[in-house]
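Working notes for the structure below.
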Protein chains: 2
Amino acid sequence: MREEPDSPAAASGTGRRRGRPRHQAATREGIATAALEVARSHGYERLTMAAVARRLGVAPSALYNHVTGKADLLALLQDEVMGEVEVDGLRAAVAGEVPVREAVRDWAHSYRRVFAGHTPLIPMIATLPIAGAEQTQRMYDAVAAALGTAGVAETEVLPRIIALESFIYGSAFDVHAPAHLFEVAAAPGELPAFQAAAAACRRDIGIGIDGSHATDEGPAVGTLGVNPYADDPFETGLELLLAGL
Amino acid sequence: MREEPDSPAAASGTGRRRGRPRHQAATREGIATAALEVARSHGYERLTMAAVARRLGVAPSALYNHVTGKADLLALLQDEVMGEVEVDGLRAAVAGEVPVREAVRDWAHSYRRVFAGHTPLIPMIATLPIAGAEQTQRMYDAVAAALGTAGVAETEVLPRIIALESFIYGSAFDVHAPAHLFEVAAAPGELPAFQAAAAACRRDIGIGIDGSHATDEGPAVGTLGVNPYADDPFETGLELLLAGL
DNA sequence: ACCTGAACACCGTTCAAGT
DNA sequence: ACCTGAACACCGTTCAAGT
């Protein structure tokens with residue numbers, strides 16, 4: 001076995017001659033998995049067609065036999081990521097085993113946590129038809145069933161889901177914002193309302209004027225990213241959106 | 001005057017010799033304006049350094065004397081766009097001239113409408129420090145003052161703003177989603193809860209099973225984009241998030 | 001200080017050649 | 001049908017040369 005530092009398969013250019021191979025080297029499933037691995041280990045800046053191909057041990061041009069382009073690849077990846085969102089609690093709630101409100105809350109937390117690590121996918125998700133996205137369809141069905149169990153009127157189920165989802169996506173962006181996000185260099189008397197609100201908020205969550213998180217208890221429980229302003233607003237908004245459940 | 005179809009200034013390569021010009025050809029302000037014009041007239045796919053430079057009548061490399069790179073240019077553009085969000089209603093509410101709840105609602109509608117046309121900026125906004133972004137600071141101050149007027153506790157002002165903003169950004173993505181977003185090719189008995197919810201929603205807003213918007217009254221009042229599922233969820237979620245104002 | 005023009009690295013995509 | 005390898009168009013960025 002040769003040493004292949006980054007790829008489970010043979011590196012491009014060494015392992016295969018020209019022409020059709022005996023066994024298919026790339027598939028849509030394999031491409032989705034490889035894309036997820038690249039995004040996870042190297043980040044979305046490095047998620048290129050070349051990187052995915054290298055991880056599969058094929059030439060970049062080989063990918064175009066299975067996906068129409070990078071947009072298609074990202075759509076595959078999107079459904080792969082959606083499969084990581086936890087929906088078992090929703091199923092249990094429909095079965096009457098746990099309270100619906102808690103189950104939907106847990107789902108929302110899981111959804112935000114998963115996509116906080118995949119924010120570059122979010123802009124395309126909202127405009128991506130769910131036809132053909134199996135995991136996405138399964139998730140929608142689980143949430144719809146849960147909201148139905150909670151007594152939400154049938155015509156209001158989809159709007160409620162979309163409203164929750166929009167809030168979750170927007171909140172996912174905040175998770176990795178820098179701590180000094182809201183620091184301003186305004187003269188005294190400028191922006192009075194905002195400065196007062198920011199100061200009160202800093203006192204409340206215990207961060208320094210420079211954005212340093214100066215708590216001696218360490219990061220607050222449930223903190224996902226580095227932005228101290230992200231978690232509290234998410235909890236606040238989520239509780240408001242769960243009204244009536 | 002020569003004919004210059006796309007640019008108010010001289011085209012690159014014709015109008016200027018090498019070396020330092022008498023008058024500065026590019027400024028940060030000018031770059032922001034040019035970027036907004038390019039994005040508006042040709043879309044974000046065509047918003048390139050070369051396109052912005054051409055609109056200013058300079059070489060692409062000249063831009064790097066004023067911005068550190070494309071990310072910096074997009075940050076300038078972001079603040080330019082933020083200046084289009086309507087905040088006069090918020091000021092009036094603080095002055096006691098209009099009800100706060102209506103003013104915040106109108107602001108939210110304006111905010112979503114503006115950024116529905118600039119969704120590619122949204123992923124960067126959440127992680128972009130507001131220091132140096134004048135329009136953004138002014139907007140935050142106006143909203144903070146309005147929420148204070150509404151009696152929101154000072155420590156809760158910033159969380160409420162962030163929660164609203166997250167929801168608005170998430171909702172902005174939905175505006176231009178295709179109408180067949182939620183059409184699935186599922187066998188009868190599959191995805192029962194989701195199918196029922198989608199069917200009820202379609203009946204409610206009057207769209208065909210194929211996603212065609214088959215109302216004979218024309219598009220509903222207040223419709224922004226082409227996605228019939230976008231407006232109702234936005235109104236629903238917004239009202240929930242305005243609770244207590 | 002601020003511009004031009006040439007150059008570079010990189011990316012997505014196409015396509016002929018090959019089995 | 002499915003792969004390789006060369007090629008293309010395009011993009012952001014750098015930098016020497018020039019005033």
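In the text below, chain A, chain B and the rest are named by the order of the sequence lines, each starting its count at 1.
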Each base of DNA chain D marked ( ) or [ ] if paired in-strand (Watson-Crick or G-U under 3.5 Å), | if paired to another strand and . if unpaired gives ||.|||||...|||||.||
Report the relative orientation of the aromatic rings in A:Tyr140 and B:Phe194; use parallel for angles under 30°, tilted for 30 to 60°, perpendicular for over 60°. tilted
side-chain hydrogen bond (donor to acceptor under 3.5 Å, both in side chains): which pairs involve residues 116-130 of chain B, sequence neighbours left out? B:Tyr44-B:His118
Residues A:Glu183, A:Arg202: salt bridge by 4.0 Å N-O rule: yes
Test side-chain contact (heavy atoms from CB on, under 4.5 Å) applied to A:Ala142 - qualifying residues, sequence neighbours left out: A:Val87, A:Leu90, A:Arg91
According to a strict under-4.0 Å criterion, is A:His66 in side-chain N/O contact with OP1 or OP2 of D:dA1? no
Can you name the salt bridge (Lys or Arg N to Asp or Glu O under 4.0 Å) partners of B:Glu29, sequence neighbours left out? none
Mind checking what makes side-chain contact (heavy atoms from CB on, under 4.5 Å) contact with B:Thr48, not counting sequence neighbours? B:Ala50, B:Ala51
Atom CG of A:Asn65 to atom P of D:dC2: distance rounded to whole Å? 7 Å
Side-chain heavy atoms of A:Pro192 within contact of B:Asp141, under 4.5 Å: yes
Partner set under salt bridge (Lys or Arg N to Asp or Glu O under 4.0 Å) for B:Asp72, not counting sequence neighbours: B:Arg28
Polar-atom pairs under 3.5 Å, protein N or O versus N or O of nucleotides 11-13 of chain C: list them with distances, or write none.
unit_1	atom_1	unit_2	atom_2	d
C:dG12	OP1	A:Lys70	NZ	2.9
C:dG12	OP2	A:Met49	N	3.0
C:dT13	OP2	A:Tyr64	OH	2.9
C:dT13	OP2	A:Lys70	N	2.8
C:dT13	O5'	A:Tyr64	OH	3.3

Using a strict heavy-atom distance below 4.0 Å, which residues from residues 27-35 of chain B are in contact with DNA chain D? none
By a strict heavy-atom criterion of less than 4.0 Å, which residues belonging to residues 117-129 of chain A are in contact with DNA chain C? none
Any side-chain donor-acceptor pair under 3.5 Å between B:Tyr169 and B:Tyr111? yes
Could you list the residues that satisfy side-chain contact (heavy atoms from CB on, under 4.5 Å) with B:Val175, not counting sequence neighbours? B:Arg112, B:Ala116, B:Leu224
Could you name each residue pair satisfying ring pair (Phe, Tyr, Trp, His ring centres under 6.0 Å) that touches residues 52-72 of chain B, not counting sequence neighbours? none
Nucleotide C:dT14, atom C1' - distance to CG of A:Leu63 in whole Å: 14 Å
Please identify each residue that fulfils salt bridge (Lys or Arg N to Asp or Glu O under 4.0 Å) with B:Arg46, with sequence neighbours left out. none
For B:Ile31, the option from B:Val67, B:Val58, B:Leu36, B:Leu77 that meets side-chain contact (heavy atoms from CB on, under 4.5 Å): B:Val67
